[in-house]
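Given the structure is predicted, the values throughout are model-derived calculations rather than measurements. The first residue in the sequence is number 1, and the count goes up from there. Side chains are part of it too, since the values below use all heavy atoms of this structure and drop only hydrogens, waters and symmetry mates.
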Amino acid sequence: LDQIADEYRERGINDRPFVVIKDEAGTFGMGILTVEASDIVREPNRKTRQKMQRGKGGRAITRVMVQEGIYTRDIIGDCVAEPVVMAAGGRNIGGFFRYHCSRDETENLNSKGMVFAHLCGGDHACDDKCVQDPVRRKVYGWMSELIASAACRELSLG
């Protein structure tokens, strides 16, 4: 958190840094902890210990991974939303939004009350479970292709 805070200062980012600690075996929305201060990990309360004790299927959590938290700044209506884009063969093939009206921009949206909406780009009819936004679709599509390209490069260097 201190290293991330230093990076934020250097780059003029005014947000408070946070990390997400999650079960390395997968989550299904369970075994996820958002941390803004190290004392939560150093001196966890009972609720925190219980939350991180068992993961999906009641399996004991024995290993975790720590990821830098990224603020969810996309909004659908009045709800925090995160795009999920898919690529195959290095090309964008579609996507959707997961959004949650009872969560904030640092919380896990994969929880009870989440809603999904297709990300439509204007090339076909859009129903009431669709976000019609050609610009978002293009931007997120380019991002998915860039990420796929970077992942391939990482694999070839590893």
Side-chain angles (χ1 to χ4, degrees), residues 1-24 26-41 44-57 61 64-88 91-148 150-151:
L1 288 168
D2 290 340
Q3 289 173 340
I4 297 168
D6 290 344
E7 284 287 326
Y8 278 21
R9 273 190 293 282
E10 284 180 31
R11 298 172 190 275
I13 299 170
N14 294 320
D15 294 320
R16 185 173 176 166
F18 68 98
V19 296
V20 179
I21 302 172
K22 53 175 82 172
D23 185 359
E24 190 177 77
T27 67
F28 288 122
M30 300 171 63
I32 300 173
L33 185 63
T34 301
V35 177
E36 293 182 358
S38 60
D39 60 327
I40 294 168
V41 176
N45 61 27
R46 184 172 185 245
K47 183 178 178 181
T48 300
R49 284 193 307 274
Q50 285 182 325
K51 182 176 185 174
M52 295 305 291
Q53 194 170 27
R54 300 259 172 226
K56 64 182 182 184
I61 297 174
V64 297
M65 61 184 193
V66 180
Q67 298 176 314
E68 178 179 351
I70 305 296
Y71 283 81
T72 306
R73 294 277 164 74
D74 223 326
I75 302 291
I76 294 178
D78 293 329
C79 306
V80 176
E82 61 187 1
V84 179
V85 291
M86 296 164 279
R91 294 284 173 229
N92 175 35
I93 60 170
F96 61 92
F97 280 100
R98 173 189 351 247
Y99 61 101
H100 204 298
C101 299
S102 301
R103 296 286 173 126
D104 70 28
E105 60 189 2
T106 65
E107 291 180 292
N108 176 26
L109 302 184
N110 186 15
S111 63
K112 188 175 182 178
M114 69 182 161
V115 180
F116 295 95
H118 299 279
L119 176 56
C120 302
D123 51 349
H124 63 285
C126 193
D127 63 18
D128 63 341
K129 293 182 181 173
C130 184
V131 174
Q132 178 77 17
D133 192 329
V135 174
R136 276 182 171 154
R137 182 169 175 150
K138 278 186 181 178
V139 170
Y140 291 139
W142 292 330
M143 288 172 63
S144 73
E145 292 177 13
L146 180 62
I147 291 164

Is any side-chain heavy atom of [X] less than 4.5 Å from a side-chain heavy atom of [Y]?
X    : Y    : result
Y71  : T106 : yes
R103 : V80  : no
S111 : H100 : yes
M86  : I93  : yes

(request) Ignoring hydrogens and angles, tell me if any N or O in the side chain of K51 forms a donor-acceptor pair with the backbone of I32 under 3.5 Å. (result)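 Here the side-chain-to-backbone pair exists.
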(request) Please check if the side chain of R49 supplies one atom and the backbone of P44 the other of a donor-acceptor pair under 3.5 Å. (result)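 Yes: the side chain of R49 pairs with the backbone of P44.
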To the nearest 0.5 Å, how far apart are [atom1] in [X] and [atom2] in [Y]?
X    : Y    : atom1 : atom2 : value
K47  : M52  : NZ    : CE    : 14.0 Å
K22  : L33  : NZ    : CG    : 12.0 Å
R98  : E82  : CZ    : CD    : 4.5 Å
I76  : Y99  : CD1   : OH    : 6.0 Å
L109 : S102 : CG    : OG    : 10.5 Å
I147 : W142 : CD1   : CH2   : 14.5 Å

Test side-chain contact (heavy atoms from CB on, under 4.5 Å) applied to [X] - qualifying residues, sequence neighbours left out:
X    : answer
E145 : R91, N92
D78  : none
I4   : Y8, P17, V19, E68

(message) Test of understanding: with ring pair (Phe, Tyr, Trp, His ring centres under 6.0 Å), list the residues that count as partners of F116, not counting sequence neighbours.
(response)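 For F116 the ring pair (Phe, Tyr, Trp, His ring centres under 6.0 Å) partners, ignoring immediate neighbours, are F96.
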(request) Would you indicate whether Q3, at its atom CD, is surrounded by more than 12 heavy atoms from other residues, nucleotides or ligands within a distance under 6.0 Å? (result)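 Open: at most 12 neighbouring heavy atoms sit under 6.0 Å from CD of Q3.
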(message) Is it the case that over 12 heavy atoms from other parts of the model lie below 6.0 angstrom from the CE atom of M143?
(response)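 Result for CE/M143: open.
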(message) Going by the rule salt bridge (Lys or Arg N to Asp or Glu O under 4.0 Å), which residues pair with R136 if we only count those two or more places apart in sequence or in a different chain?
(response)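 Per chain and number, R136 pairs via salt bridge (Lys or Arg N to Asp or Glu O under 4.0 Å) with D74, D133.
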(request) Check T72 against A81 and note the closest heavy-atom contact, atom names and distance. (result)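 Scanning both residues completely, I find the closest heavy atoms to be CG2-O, 2.8 Å.
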(request) Would you mind listing every salt bridge (Lys or Arg N to Asp or Glu O under 4.0 Å) that reaches into residues 12-21, with sequence neighbours excluded? (result)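 Found D15-R73, R16-E36.
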